[in-house]
Amino acid sequence: MTRDVKEIFIGDDAPPAPAALAAKVRTLAPSMTRSMQRVAEAVAQDPAGCAALTVTGLAELTGTSEATVVRTARLLGYPGYRDLRLALAGLAAQQQSGRAPAVTADIAVDDPIADVVAKLAYDEQQTLADTAAALDTVQLGAAVTALAQARRVDIYGVGASSLVGQDLAQKLLRIGLIAHAHTDPHLAVTNAVQLRSGDAAVAITHSGSTGDVIEPLRVAFDRGATTIAITGRPDGPVSQYADHILTTSTARESELRPAAMSSRTSQLLVVDCLFIGIAQRTYETAAPALAASYEALAHRHSPRTR
C-alpha cells in the first residue's frame, strides 16, 4: 500500500429492484423538475407500455426531451435508460403473473408476519456466518494492534453506518481510549487534518464508495494515521486509502431496506471483534476502565427512591 494516491473514484450503487420503482418515484418526485416528473409518473403508471418504448418514444409520449428521460432514469438509480427499460419489463412481467409484489428479494407484501420473522432471522444468521468465514484474521489482528496503540481514533460513517461508528466509539471510550465518531462530513475532514502518525482512523461504508466517508479517510491516510476500512466491497474506492481492510458480507438490499439490517449486523460483528481484541491487548487498563464506567452508570439502572 502506497501513500501517494491522489484521486477518489466514486462508484454507483446497484440499481433498485423493479418492484421498488413506484416507491422510488413517490420518494423522489417532489425534488424533480416538472418535465422529469412527467417521465417518472409515466413509467410508474404504465411499466409495460413504457418498456416497449425507445428513449425517443418515451420523450415524445411525455412531451420532454431524450436528455430529460436519461436524467430521470439516473435520478431513479439506473445507470441509463436501457437499465430502466429492463426494470420496467421485469415489473410488467411480475404484475401480469399475478404474484404479490416483493418487499425484499425473499419477502412478499402478503407474507404472514411469522414468515417475515423467520426469513429475516435466517438472512441475519447467514450474513453473520458469511462475514465470519470471510474475515481476514491477519488484517483483523493488525487493526486491533493499531487501535489499541493509537493516541486517538477517528471513526467515519454516514447513514446506517454512522450508527455502527457510534457503537465502536462508545465501546472504545468505555475502556479508556480516546475515540470520536464523526457523522458530519465537514467536521470529519477538519478533524482528520489533525491526525498524524500514531493515530488511527476507521471508515465504515458497506458500498465502499461513499464519498463523505472516503474523503476524511484519504486525509487521515495522507497525514500518516493508520487507516482501517470496514466494507462489503474490499475492491471499492475506500480500499485505496486503507492500510487494513475488514470485509463484511455483501448483504442483499432493496428499496425498502436501503440500509439493510444484515449489512449493519455484519458491521457490528466486526466492531465487536475489534473491541474484544483491543480489550484483550489492553486488559490491565481496559478492565478497570470498564468497571468504572459501569459503576458510574449503575444508579441510572436502579429504581429511584423518593
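For clarity, every value in this text was computed on a predicted model and none was experimentally measured. One is the number of the first residue; the rest follow in order along the sequence. Scope of the values below: all heavy atoms of this structure, side chains included, with no hydrogens, waters or symmetry mates.
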Checking R151 now: which residues fulfil salt bridge (Lys or Arg N to Asp or Glu O under 4.0 Å) with it, not counting sequence neighbours? D199
Applying salt bridge (Lys or Arg N to Asp or Glu O under 4.0 Å) to D272 and not counting sequence neighbours gives K171
So, does T231 use its side chain to make a donor-acceptor pair with the main chain of T205 at under 3.5 Å? yes
Short side-chain to backbone donor-acceptor contact, T282 and T285, under 3.5 Å: no
Output the distance between atom [atom1] ([X]) and atom [atom2] ([Y]), rounded to the nearest 0.5 Å.
X    : Y    : atom1 : atom2 : result
H244 : D136 : NE2   : CG    : 11.0 Å
L246 : S266 : CG    : OG    : 11.5 Å
L140 : I230 : CG    : CD1   : 9.5 Å
D184 : D212 : CG    : CG    : 9.0 Å
I204 : H206 : CD1   : NE2   : 13.0 Å
N191 : H182 : CG    : NE2   : 4.0 Å

Please determine if R85 and D83 form a salt bridge, counting it only when a charged side-chain N lies under 4.0 Å from a carboxylate O. no
Would [X] and [Y] count as having a side-chain donor-acceptor pair, cut-off 3.5 Å?
X    : Y    : value
T265 : E124 : yes
T226 : D243 : no
T183 : S162 : no
R34  : Q37  : yes

Apply side chain to side chain contact (heavy atoms under 4.5 Å, CB included) to V202 and Y156, showing your working. CA-CA 6 Å; V202 181; Y156 316 123; over 6 Å; no
Shortest non-hydrogen contact from A201 toward A220: CB-CB, 3.7 Å
Anything under 3.5 Å between a donor and an acceptor, one on a side chain of residues 57-66, the other on a protein residue two or more places apart or in another chain? List them.
from: T62; atom 1: OG1; to: L58; atom 2: O; distance (Å): 2.8
from: T62; atom 1: OG1; to: A59; atom 2: O; distance (Å): 3.4
from: T62; atom 1: OG1; to: T64; atom 2: OG1; distance (Å): 2.8
from: S65; atom 1: OG; to: T68; atom 2: N; distance (Å): 3.1
from: S65; atom 1: OG; to: T68; atom 2: OG1; distance (Å): 3.0
from: E66; atom 1: OE2; to: T56; atom 2: OG1; distance (Å): 2.5

Do other residues, nucleotides or ligands put more than 12 heavy atoms under 6.0 Å from the CZ atom of R74? no
Does CG belonging to L187 count more than 12 external heavy atoms closer than 6.0 Å? yes
State, with a plain yes or no, whether a side-chain heavy atom of L268 is found less than 4.5 Å away from one of D167. yes
Report the C-alpha separation of Q267 and V271 in whole Å, then their side-chain angles, then the decisive distance to 0.1 Å, and conclude whether the side chain to side chain contact (heavy atoms under 4.5 Å, CB included) test is met. CA-CA 6 Å; Q267 293 171 345; V271 163; 5.6 Å; no
Are T145 and R281 close enough, and set up right, to give a side-chain hydrogen bond (donor to acceptor under 3.5 Å, both in side chains), and what steps lead you there? CA-CA 8 Å; T145 298; R281 300 283 182 91; 2.4 Å; yes
